[in-house]
Amino acid sequence: MHAHGPKIEAGQILNPDCFPPPSELVCIQVPKVFDQVALRDCVTRTICLKKGSDHCHSVFAFEGATDFDIVEVKVISKTDSLTRPGYKKLKLFVKIRYKIHYSDGSEQLSQTDEATFNLTINEIYCPSCVAQVGVIKSNDDFWDCSTKTKDPDGTMIKVEALAEAFNDVINPNTGVLSLDIGVFFIVKCECVVQLLIPSYGYCPVPPEQVNPAVQNCKTFNDKTKTPFPTKFFPDQKWNPLDHRSE
């Protein structure tokens, strides 16, 4: 990008006509999503909560579950479609770890638990990614992730999840907790490929931040210096070249 040209920054685009043509075509290597499937599953977990300090009588109370994280993905089987080339039927094993928050009547405690899911993807386009040329492979650790599993044919199966705990029942005397873990899954088939894309060059260096004035209770309580916010959710970041219509 030329020094005298417009400054191109990342941000949401409302009006593409405000932008100049790209300055170059570049070849990048990225994991490309060839197909993706959405599905849901739900399991019931029964957990025996542990009390904290050594006291005579505990009264357990469940407070919530947070920090859901996919810790393991395994491809149990991959079967080629008999009628559609490149399509597969997948059976996946997915393990999700999360944290249970509770009280034993004296202390606020947390305990880790894991829920496992056996997913069946009836049909997903997942072709072989191995190029038909001789290749010396470098270390693949750059692409490794607990939410992915890589097959010998170069295919990467990636799993994304949005999980929630509900329908909880707890015995306040014994600490036995029963709850349902419902998860929305998106399963993706990816291949690392080279793509030719238009580009504006490298991302510009952002401007140096300005240190804000020191806030204290006096300035905070001054309604002229610190007005009450009119909304509690942020705006999208607009690109400076994107002229919005008034």
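Treat the numbers as computed from the prediction; the structure is a model and nothing was measured. Only this structure's heavy atoms are used, side chains among them; waters, hydrogens and symmetry mates stay out.
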Asp104 side-chain N/O to Gly52 backbone N/O, donor-acceptor pair under 3.5 Å:
yes

Take Thr112 and Ile100 through the test side chain to side chain contact (heavy atoms under 4.5 Å, CB included) and record every step on the way to the result.
CA-CA 6 Å; Thr112 300; Ile100 299 169; over 6 Å; no

Min side-chain heavy-atom separation Glu160-Phe185 under 4.5 Å:
no

Is a side-chain donor or acceptor of Arg45 paired with a backbone partner of Glu114 at a separation under 3.5 angstrom?
yes

Val33 pairs by side-chain contact (heavy atoms from CB on, under 4.5 Å) with which of Met156, Lys158, Glu190?
Glu190

With a 4.5 Å limit on heavy-atom distance, are the side chains of Ser77 and Leu90 in contact?
no

Please find the pair of heavy atoms, one from Leu195 and one from Val30, that lie closest to each other, and give the distance.
CD1-CG2, 3.8 Å

Quick check: do Ser110 and Tyr102 have side-chain heavy atoms less than 4.5 Å from each other?
no

For Leu179 and Ala165, which heavy atoms make the closest approach, and how far apart are they?
CD1-CB, 3.6 Å

Roughly how far, to the nearest 0.5 Å, is the OG1 atom of Thr46 from the CG atom of Leu177?
8.0 Å

Sub-4.5 Å side-chain heavy-atom contact between Phe117 and Ile96:
yes

Separation between CD1 of Ile157 and NZ of Lys74, rounded to the nearest 0.5 Å
16.0 Å

Looking only at atom types and distance, does a side-chain atom of Ser23 sit under 3.5 Å from a main-chain N or O of Ser199, one as donor and one as acceptor?
yes

Could you tell me whether a side-chain N or O of Tyr200 sits under 3.5 Å from a main-chain N or O of Pro20, the two making a donor and an acceptor?
yes

Is the shortest side-chain heavy-atom distance between Val183 and Asp41 below 4.5 Å?
no

Can you spot which of Arg84, Lys89, Lys88 makes a side-chain hydrogen bond (donor to acceptor under 3.5 Å, both in side chains) with Glu123?
Arg84

Could you tell me which non-hydrogen atom of Gln108 sits nearest to which non-hydrogen atom of Glu63, and how far apart they are?
NE2-OE2, 2.7 Å

Rounded to the nearest 0.5 angstrom, the CD1-CD distance for Ile197 and Glu24 is 9.0 Å

Answer yes if Val176 and Val59 sit in the same cluster of Ile, Leu, Val, Met, Phe, Trp and Tyr residues linked by side chain heavy atoms under 4.5 Å apart, and no otherwise.
no

When rounded to the nearest 0.5 angstrom, what distance separates SG in Cys217 from CG in Asp222?
12.5 Å

Same cluster or not: Val43 versus Leu92, using hydrophobic residues (I, L, V, M, F, W, Y) connected whenever any side-chain heavy atoms lie under 4.5 Å apart?
yes

So, using salt bridge (Lys or Arg N to Asp or Glu O under 4.0 Å) as the criterion, who are the partners of Lys51 when residues are at least two apart?
none

Quick check: does any side chain N or O of Tyr87 sit under 3.5 Å from a backbone N or O of Leu82, one acting as donor and the other as acceptor?
no

Less than 6.0 Å separating the ring centroids of Tyr98 and Phe68?
yes

Going by the rule side-chain hydrogen bond (donor to acceptor under 3.5 Å, both in side chains), which residues pair with Thr120 if we only count those two or more places apart in sequence or in a different chain?
Lys91

Looking only at heavy atoms, what is the nearest atom pair of Cys48 and Thr174, with distance?
SG-O, 4.4 Å

Gln36 side-chain N/O to Cys189 backbone N/O, donor-acceptor pair under 3.5 Å
no

About how many Å separate OG of Ser58 and CD of Glu107, when rounded to the nearest 0.5 Å?
9.0 Å

Taking C-beta and beyond as the side chain, do Ser103 and Leu109 meet within less than 4.5 Å on heavy atoms?
no

Where do Ile181 and Cys42 land on the side chain to side chain contact (heavy atoms under 4.5 Å, CB included) test, with the steps shown first?
CA-CA 6 Å; Ile181 305 295; Cys42 187; over 6 Å; no

Quick one: does Phe184's side chain get under 4.5 Å of Ile186's, heavy atoms only?
no

Inter-residue atom distance Ile121.CD1 - Asp35.CG, 0.5 Å rounding
11.0 Å

Does Lys95 make a cation-pi contact with Phe93 (under 6.0 Å, within 45 degrees of the axis)?
no

Where the side chain of Asp69 meets the backbone of Val71, is there a donor-acceptor pair that is under 3.5 Å apart?
no

Which pair of non-hydrogen atoms, one from Leu49 and one from Gln111, has the smallest distance, and what is that distance?
CA-OE1, 3.5 Å

Do the side chains of Leu39 and Val159 join up, straight or via other hydrophobic residues, at under 4.5 Å, putting them in one cluster?
yes

